[in-house]
Amino acid sequence: MSGSTEELRRDFEQDLAQIENLDAWKRIRDRWLARESGIITGQMKRLRELPKEERPAFGQSMNLLREFVEDRLGTTRAVMEREALEKSRRHIDVTRPGFPYALGTLHPITRLRQEIELIFVSLGFTVFDLPEVEQDYYNFEALNMPKNHPARDAQDTFYFDENLLLRTHCSSVQVHAMQSMKPPIRAVSTGKVYRRDPFDATHSPMFHQVDVLVVDEGITMGDLKGMLEVFLKRVFHPDIRMRLRPGFFPFVEPGAEVDISCIFCFGAGCRICKESGWIEILGAGMVHPKVLRMSGVDDTRYSGFAWGMGIDRVAILKHGVDDIRLFFENDVRFLKQF
Ligand code: PHE
């Protein structure tokens, strides 16, 4: 019997020597090890024809042969795979330029928001992250705009119900900050605001604002002007000039509209500033004593200033974009320019 095992082993080695690729390897493996039709199985089937006393020895030698075959086939396969890998490596052209791939970037408005917040962080402000779905109290009531106040009409509002709305401005930071901090207060908040406006080149029902609140003893209009100037020069250009005109907002007294000298014509007059040399950029003022009182701040001891500015408008001016919708349509061909 051992003679026939020896023969099989030689046959197998001959087969093995002829293997040149993985296909051939698979063929030989099946020839020897296939469960139904393989040579080893065929031999095992002969077991029953043998006299009883020869069966154990035969079975054992077949098992040894099977182990041998499996072991050698495994080694051959590993060699073959290594050769295939080396061959494919030889075909890598290391001088070939790489494939360009697109890196995502932050949205230009998000970047501007972060830049603005950083300016205030560097000035010692606390950043507030406030809800876009806001209570009437924070958006209007506590800012000296009780129900039926005519100033509410200027900010046509999306209401969920009587008390819940989409905030129309970020000035709610005044109320949140005064409720959660004791003076001295330096607070800033940026984010989305919503108004029932058309969606056209200069309007969007959703846009972004930054609002600021400072409350301390002895805060004056001079402090407001000084800090505004630092801020606007950092956001736009160190050479811009600024002017304050009287303006009305129910939560400040006195209130002001703030203009900067036109960043396109430097004040000479152009299409963007409608030949005036000035661009209206934000609303500001001294916090109304009523607003201080309503949020628990002693208005005989403390005073404060606040301002609010549209961030999208700044982006439009800085980048010379003529349609606000471009920022919200999310066409990457537009966005990736920033
Ligand atoms: N909230 C005002 C607006 O949205 C801007 C503003 C903020 C004015 C703070 C004065 C003080 O138009």
Side-chain angles (χ1 to χ4, degrees), residues 109 113 116-117 120 125 128 130-132 134-146 149-158 165-178 185-197 202-215 219-229 231-232 235 242-260 279-292 294-295 297 299 303-316 324:
I109 301 287
R113 268 182 72 177
I116 288 171
E117 281 183 5
F120 287 105
F125 279 61
F128 278 75
L130 297 173
E132 291 171 22
E134 186 57 284
Q135 295 175 45
D136 185 284
Y137 181 79
Y138 290 90
N139 194 82
F140 288 130
E141 194 93 22
L143 289 170
N144 196 25
M145 282 184 277
H149 192 287
R152 287 189 177 208
D153 298 343
Q155 302 184 353
D156 216 345
T157 311
F158 291 109
L165 47 81
L166 284 173
R167 66 177 175 194
T168 59
H169 54 184
C170 281
S171 300
S172 52
V173 70
Q174 296 181 32
V175 188
H176 286 288
M178 285 191 280
I185 296 171
R186 289 193 216 94
V188 64
S189 192
T190 69
K192 294 184 170 73
V193 301
Y194 302 83
R195 294 183 194 178
R196 294 166 58 119
D197 280 337
T202 53
H203 297 87
S204 164
M206 183 282 295
F207 54 103
H208 300 79
Q209 283 190 335
V210 48
D211 264 71
V212 175
L213 173 74
V214 171
V215 176
I219 295 287
T220 68
M221 203 80 180
D223 298 308
L224 166 60
K225 258 190 99 174
M227 196 172 269
L228 250 184
E229 200 162 332
F231 170 67
L232 291 175
V235 169
M242 167 189 105
R243 74 176 184 189
L244 272 63
R245 290 176 287 113
F248 175 75
F249 303 94
F251 35 93
V252 287
E253 180 57 38
E257 305 265 7
V258 180
D259 301 335
I260 54 167
I279 294 177
E280 189 182 320
I281 197 68
L282 57 80
M286 300 304 291
V287 181
H288 199 294
K290 262 190 177 167
V291 172
L292 293 174
M294 262 190 284
S295 290
V297 173
D299 67 302
S303 54
F305 66 75
W307 78 70
M309 183 180 80
I311 294 178
D312 322 81
R313 192 160 149 69
V314 174
I316 282 173
I324 191 176

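In this chain, numbering begins with 1 at the start of the sequence shown. For clarity, every value in this text was computed on a predicted model and none was experimentally measured. When a ligand or atom number is given, it counts from 1 through the structure's own listing order. Only heavy atoms go into these numbers, but all of them, side chains included; no hydrogens, no water, no symmetry mates.
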Please tabulate, one line per pair, the protein N or O atoms found under 3.5 Å from any N or O atom of ligand 1, giving the distance to one decimal.
{"residue": "ligand 1", "atom": "1 (N)", "partner": "H169", "partner atom": "ND1", "Å": "3.0"}
{"residue": "ligand 1", "atom": "1 (N)", "partner": "S171", "partner atom": "OG", "Å": "2.8"}
{"residue": "ligand 1", "atom": "4 (O)", "partner": "R195", "partner atom": "NH2", "Å": "3.0"}
{"residue": "ligand 1", "atom": "4 (O)", "partner": "Q209", "partner atom": "NE2", "Å": "3.0"}

Ring pair (Phe, Tyr, Trp, His ring centres under 6.0 Å) partners of F305, counting only residues at least two apart: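 With neighbours one apart ignored, the set is W307.
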
For side-chain contact (heavy atoms from CB on, under 4.5 Å), just list the numbers for M178 and I185, CA-CA rounded to whole Å, side-chain angles, deciding distance to a tenth of an Å, and then say yes or no. CA-CA 8 Å; M178 285 191 280; I185 296 171; 3.9 Å; yes

Return yes when atom CZ of R186 has more than 12 non-hydrogen atoms of other residues, nucleotides or ligands closer than 6.0 Å, and no otherwise.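 Atom CZ in R186 is not packed in, count stays at 12 or less.
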
Can you tell me if CZ on R243 sees more than 12 non-hydrogen neighbours from other groups inside 6.0 Å? yes

Parallel, tilted or perpendicular: rings of F251 and H169 (30°, 60°):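 Because their plane-to-plane angle is over 60°, the rings of H169 and F251 count as perpendicular.
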
Are D312 and K192 within salt-bridge range, i.e. N to O under 4.0 Å? no

